[in-house]
*Asks:* 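Quick one: the structure is below, and I'll ask about it shortly.
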Amino acid sequence: MKLKFTIAGILFFGMAYAQHGANQVYNNQNNPYNYKNAGLFQNAEKVNYTEDGINFRIAILNNVKPDSYVVTLGLNEEGLSVKDCNAKINKRLDGFKNALKKTGIREEEIFVDFISQTKIYDYKSTSTSNQVNITQEDKGFEIKKNIIVKLKDVSLFDKLIDMASEYEIYNIIKVDYKKADTEKIYDEMLAEANEVLKSRSKIYDKYGKRDFESEPQLLINFYSIQPGKQYKNFTAFESSDAVYNDYYNSNKVLVRKEQRKNKTFYYDGIDPDSFDKIMNSDSPAVGIQYVMEFSISYKTKKKPKEETKKLYHIITPNGDVRTLDLKN
């Protein structure tokens with residue numbers, strides 16, 4: 001048997017959409033918040049001035065530092081009985097909760113969420129001279145719970161992870177960013193949108209201003225995007241490609257073992273190019289992104305229709321044409 005290997009240098013750059021991102025970044029296969037592809041104001045004119053009226057579309061992006069963080073951690077425990085299983089997982093949870101309280105985290109800032117209770121099965125095999133029998137057997141139970149912790153200070157995050165590991169809690173499921181005063185953020189972004197509107201209204205200086213109706217049509221769309229949904233990952237490495245040719249139809253096969261390649265994760269917020277104003281754009285901190293889409297339309301006043309005067313004529317027996325007086 002002869003083996004022939006063809007070696008070629010190949011650059012691999014695998015790109016996938018994937019906080020504090022936590023383990024949820026592994027599940028983000030698409031970033032639905034690519035603003036250019038979201039269909040919101042997509043391909044829409046910033047100013048549309050026609051004989052029917054004028055429409056202004058304004059998009060504002062605001063990068064906001066959160067007030068607090070909600071961290072979700074997961075743990076599981078196996079046992080021969082539900083009682084044994086529950087006792088062991090609660091012992092770990094109670095120990096972790098007591099450690100959290102020593103850092104200043106209050107009881108009301110901690111919540112334990114029961115996730116599931118399932119039976120565990122395994123396989124047992126027996127063999128004879130010409131047969132292998134495999135049967136499934138009951139091996140006990142598994143209980144899963146999540147513990148949800150509110151952090152007001154992000155600097156405690158590393159300490160929380162260290163404490164969790166002491167109780168064999170390793171699964172950091174996700175981190176949610178929280179902001180309390182969203183009405184204030186709304187008002188600030190609306191003020192910025194109005195400033196942009198004032199600037200856009202200078203179009204009247206060049207093209208003239210028509211007589212518009214007094215009440216415009218206004219549409220405001222306001223929402224936020226969590227950072228955990230905006231992480232991407234890639235795997236970059238160089239390797240060789242091995243091509244196997246079997247000249248003699250042998251039963252031997254080539255087994256190729258791949259080395260582990262690390263994924264790189266990074267935060268990639270909304271593309272700012274589509275926005276008219278970006279607030280707090282110089283901050284390097286990962287935070288909540290708020291979006292305001294502002295659309296206002298003014299309709300041109302319609303001129304009242306002039307009343308058409310109708311005249312009626314008759315022809316007399318003598319052939320004269322006279323105009324009828326219908327006022328009386």
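Positions are given from 1 along the sequence.
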*Asks:* Between Asp162 and Leu160, is a side-chain contact (heavy atoms from CB on, under 4.5 Å) present by the stated rule, with each step listed?
*Replies:* CA-CA 5 Å; Asp162 291 341; Leu160 179 144; over 6 Å; no
*Asks:* Would you say Tyr69 and Leu156 make side-chain contact, with heavy atoms under 4.5 Å?
*Replies:* no
*Asks:* Quick one: does Glu293's side chain get under 4.5 Å of Ile60's, heavy atoms only?
*Replies:* no
*Asks:* Taking side chain to side chain contact (heavy atoms under 4.5 Å, CB included) as the criterion, tell me which of Gln117, Glu77, Lys145 meets it with Asn86.
*Replies:* Lys145
*Asks:* State whether a side-chain donor-acceptor pair under 3.5 Å links Glu192 with Asn194.
*Replies:*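 No, no side-chain donor-acceptor contact under 3.5 Å.
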*Asks:* Should Tyr123 and Ile120 be counted in the same cluster of Ile, Leu, Val, Met, Phe, Trp and Tyr side chains packed under 4.5 Å apart?
*Replies:* no
*Asks:* Does Gln259 have more than 12 heavy atoms from other residues, nucleotides or ligands lying within 6.0 Å of its CD?
*Replies:*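 Result for CD/Gln259: open.
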*Asks:* Is there a path of hydrophobic side-chain contacts, each under 4.5 Å between heavy atoms, that joins Phe157 and Val149?
*Replies:*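 They do share one cluster, since a chain of ILVMFWY contacts under 4.5 Å joins Phe157 to Val149.
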*Asks:* Using 30° and 60° as the class limits, which term best fits the ring planes of Tyr298 and Phe56: parallel, tilted or perpendicular?
*Replies:*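 Because their plane-to-plane angle is over 60°, the rings of Tyr298 and Phe56 count as perpendicular.
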*Asks:* To the nearest 0.5 Å, how far apart are CG in Asn63 and CD1 in Ile288?
*Replies:*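 Taking CG in Asn63 and CD1 in Ile288, the distance rounds to 11.0 Å.
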*Asks:* Tell me if the aromatic rings of Tyr290 and Phe222 count as close, with their centers under 6.0 Å from one another.
*Replies:*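 Yes: the rings meet the under 6.0 Å criterion.
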*Asks:* Got a salt bridge between Asp268 and Lys232, using NZ or NE/NH1/NH2 to carboxylate O under 4.0 Å?
*Replies:* yes
*Asks:* Would you say that more than 12 heavy atoms from the other residues, nucleotides or ligands in this model lie under 6.0 Å from the NZ of Lys179, or not?
*Replies:*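 It does: Lys179 NZ has more than 12 such atoms within range.
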*Asks:* Salt-bridge test for Asp276 and Arg57: reply yes if a basic N is under 4.0 Å from a carboxylate O, no otherwise.
*Replies:* no
*Asks:* Sequence neighbours left out, what pairs pass salt bridge (charged side-chain N to carboxylate O under 4.0 Å, His left out) with at least one residue falling in residues 102-121?
*Replies:* Lys97-Glu107, Lys101-Glu107, Arg106-Glu108, Arg106-Glu109, Glu109-Lys152, Lys119-Asp138
*Asks:* Are Ile169 and Phe111 connected in the hydrophobic side-chain network, where two residues link if heavy atoms are under 4.5 Å apart?
*Replies:* no
*Asks:* Between Asp176 and Lys174, is a salt bridge (Lys or Arg N to Asp or Glu O under 4.0 Å) present by the stated rule, with each step listed?
*Replies:* CA-CA 7 Å; Asp176 292 321; Lys174 68 171 184 171; 3.2 Å; yes
*Asks:* For Asp67 and Lys178: C-alpha separation, side-chain torsions, deciding distance, then whether salt bridge (Lys or Arg N to Asp or Glu O under 4.0 Å) applies.
*Replies:* CA-CA 6 Å; Asp67 296 324; Lys178 301 297 180 180; over 6 Å; no
*Asks:* Rounded to the nearest 0.5 Å, what separates atom CG in Leu151 from atom NZ in Lys159?
*Replies:* 11.5 Å
*Asks:* Kindly compute the distance separating CG (Asn62) from OG (Ser224), expressed to the nearest 0.5 Å.
*Replies:* 11.0 Å
*Asks:* Looking at Ile220, I want to see if its CD1 is surrounded by more than 12 non-hydrogen atoms of other residues, nucleotides or ligands under 6.0 Å.
*Replies:*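 Enclosed.
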*Asks:* Flag the pair Lys124 and Asp122 as a salt bridge only when some basic side-chain nitrogen lies within less than 4.0 angstrom of an acidic carboxylate oxygen.
*Replies:*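 Result for this pair is no, no salt bridge flagged.
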*Asks:* Of Ile278, Asn280, Leu61, which meets side chain to side chain contact (heavy atoms under 4.5 Å, CB included) against Gln289?
*Replies:*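 The single option meeting the side chain to side chain contact (heavy atoms under 4.5 Å, CB included) with Gln289 is Leu61.
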*Asks:* Tell me, with the steps shown, if Met292 and Asn221 meet side-chain contact (heavy atoms from CB on, under 4.5 Å).
*Replies:* CA-CA 6 Å; Met292 176 175 284; Asn221 190 20; over 6 Å; no
*Asks:* Take a 6.0 Å sphere around NZ of Lys261 and say whether it holds more than 12 heavy atoms from other residues, nucleotides or ligands.
*Replies:*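 Atom NZ in Lys261 is crowded, with more than 12 foreign heavy atoms closer than 6.0 Å.
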*Asks:* Are side-chain heavy atoms of Asn76 and Ile143 found at a separation under 4.5 Å?
*Replies:*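 No, every pair of side-chain atoms sits at 4.5 Å or beyond.
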*Asks:* Taking the side chain as C-beta and beyond, is there a heavy-atom pair between Tyr204 and Ile54 under 4.5 Å?
*Replies:* yes
*Asks:* Determine whether more than 12 heavy atoms belonging to other residues, nucleotides or ligands lie under 6.0 Å from atom CD of Glu183.
*Replies:* no
*Asks:* Going through the distances and angles, do Phe96 and Ile110 end up as a side-chain contact (heavy atoms from CB on, under 4.5 Å)?
*Replies:* CA-CA 10 Å; Phe96 183 43; Ile110 306 170; over 6 Å; no
*Asks:* Examine Leu75 and Ile148 and state if one hydrophobic cluster contains both, with Ile, Leu, Val, Met, Phe, Trp and Tyr joined whenever side-chain heavy atoms are less than 4.5 Å apart.
*Replies:* no
